[in-house]
Structures are given as C-alpha cells and as structure tokens.
Amino acid sequence: MNDDVQAVDPVEPTGPSGPVAPAGAPGAAGCCGGGSDHAPESDHGRHGDPGYHGSKTAYMRRLKLIEGQVRGLHRMVEDDTYCIDVLTQVSAVTKALQSVAVGLVDDHVHHCVHAAAQSGDSAELDRKMEEIMSAVKRLMK
C-alpha cells in the first residue's frame, strides 16, 4: 500500500450549473445556495448543495482508495502480517482520512460559512461558526 497521502484540493463553491449564489441572493437556498432536495444536514434546516459538491468526484475516488487500504489491512491481519507493518498501514489510513477531513473543513468554511457571512444574518453565521468549531474539535480528539 502507498504511505504517501495526497490532500484533496478544495474548489471554489459551485453547484451543478456553475457558481453558487451567495446566501440571500436570488436562487440561493439554505446555508449553501442552490436548490438541492436532499435531506437536512443537521438541526439547522435544509441546505443547498454541500460545500464539497464541486469536489464530490475527487472525494469519492479518494474514499474508494481508503476503502481499498482498509481491505488491505484486513488481509494483513488475516495473513498474520508482522505487527509493525500493520501499524504502519493503520497510520497511512488514518492520515488519508484526516486529509479528507481537512478538505471537507476547508470546503465548508469557504462555502457554507462564507455564505452565512455574506447573508448578513449574524445568528446564522454564529451557528455556522459553532458548527465548524465543534467539528474541528471532534477531529482533534
């Protein structure tokens, strides 16, 4: 397996038909603009396309690679591979997942938090800031 982990590059906020309208602008909906009909993300109500929408293919590809790494770990344990070699691969998988998480945080800040800031709704911005800080705290545990 590959020990080198490449970060997922964030992209500018875009929806399926181009740039996302800032919150409060015509065509904007929820925290992220757009008009997606998917389920609510949290208790903050419905939202448009997620911040990672423009990078979805890259995230899906990266998660498939990580999934393969985890299957490889399973085989290593099944084959009684030396402990340190298994731990090295566990570290690689952990780093790969952290890389995905950092990309998602970046996308959320540049898309959803930015939209809340642009909307002028200070209560919504406060909710988005608390939401991202809680997520970062969970990642740092």
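Numbering of residues begins at 1 and proceeds along the displayed sequence. Note that the coordinates shown come from a computational prediction; the quantities given were computed from them, not determined experimentally.
- Remark: the backbone N or O of D106 is paired with a side-chain donor or acceptor of H110 at under 3.5 angstrom.
- Under the 4.5 Å side-chain heavy-atom criterion for grouping Ile, Leu, Val, Met, Phe, Trp and Tyr, V105 is connected to M140 within one hydrophobic cluster.
- Separating the CE atom in M60 from the CD atom in E67 is a distance of 9.0 Å, to the nearest 0.5 Å.
- Hydrophobic clustering (ILVMFWY, side-chain heavy atoms < 4.5 Å, transitive): V90 and I84 are in distinct clusters.
- Side-chain atoms of Q98 and L139, non-hydrogen and from C-beta on, never get closer than 4.5 Å to each other.
- Here M76 contributes atom CE and Q69 contributes atom CD; the two are 11.0 Å apart, rounded to the nearest 0.5 Å.
- Hydrophobic cluster membership is shared by L73 and L97, with clusters built from Ile, Leu, Val, Met, Phe, Trp and Tyr side chains linked at under 4.5 angstrom.
- The same ILVMFWY cluster, assembled from side-chain heavy atoms under 4.5 Å apart, contains both V93 and V86.
- Side-chain contact between L65 and R62 is present, with at least one heavy-atom pair separated by less than 4.5 Å.
- One hydrophobic cluster, built from ILVMFWY side chains closer than 4.5 Å, holds both I66 and V77.
- Looking at every heavy atom in both residues, D107 comes nearest to Y59 through OD2-OH, 2.7 Å.
- Residue Q118 holds its CD atom at 13.5 Å from CD of E124, rounded to the nearest 0.5 Å.
- Distance check, rounded to the nearest 0.5 Å: NZ of K56 to CG of L63 gives 11.5 Å.
- Contact check for V113 versus M129: side-chain heavy atoms found under the 4.5 Å cut-off.
- Between D121 atom CG and K128 atom NZ the span is 11.0 Å, to the nearest 0.5 Å.
- Of the inter-residue distances, the one linking I132 atom CD1 with C112 atom SG reads 8.5 Å to the nearest 0.5 angstrom.
- A salt bridge does not link E130 to R127: none of the charged side-chain nitrogens sits closer than 4.0 Å to a carboxylate oxygen.
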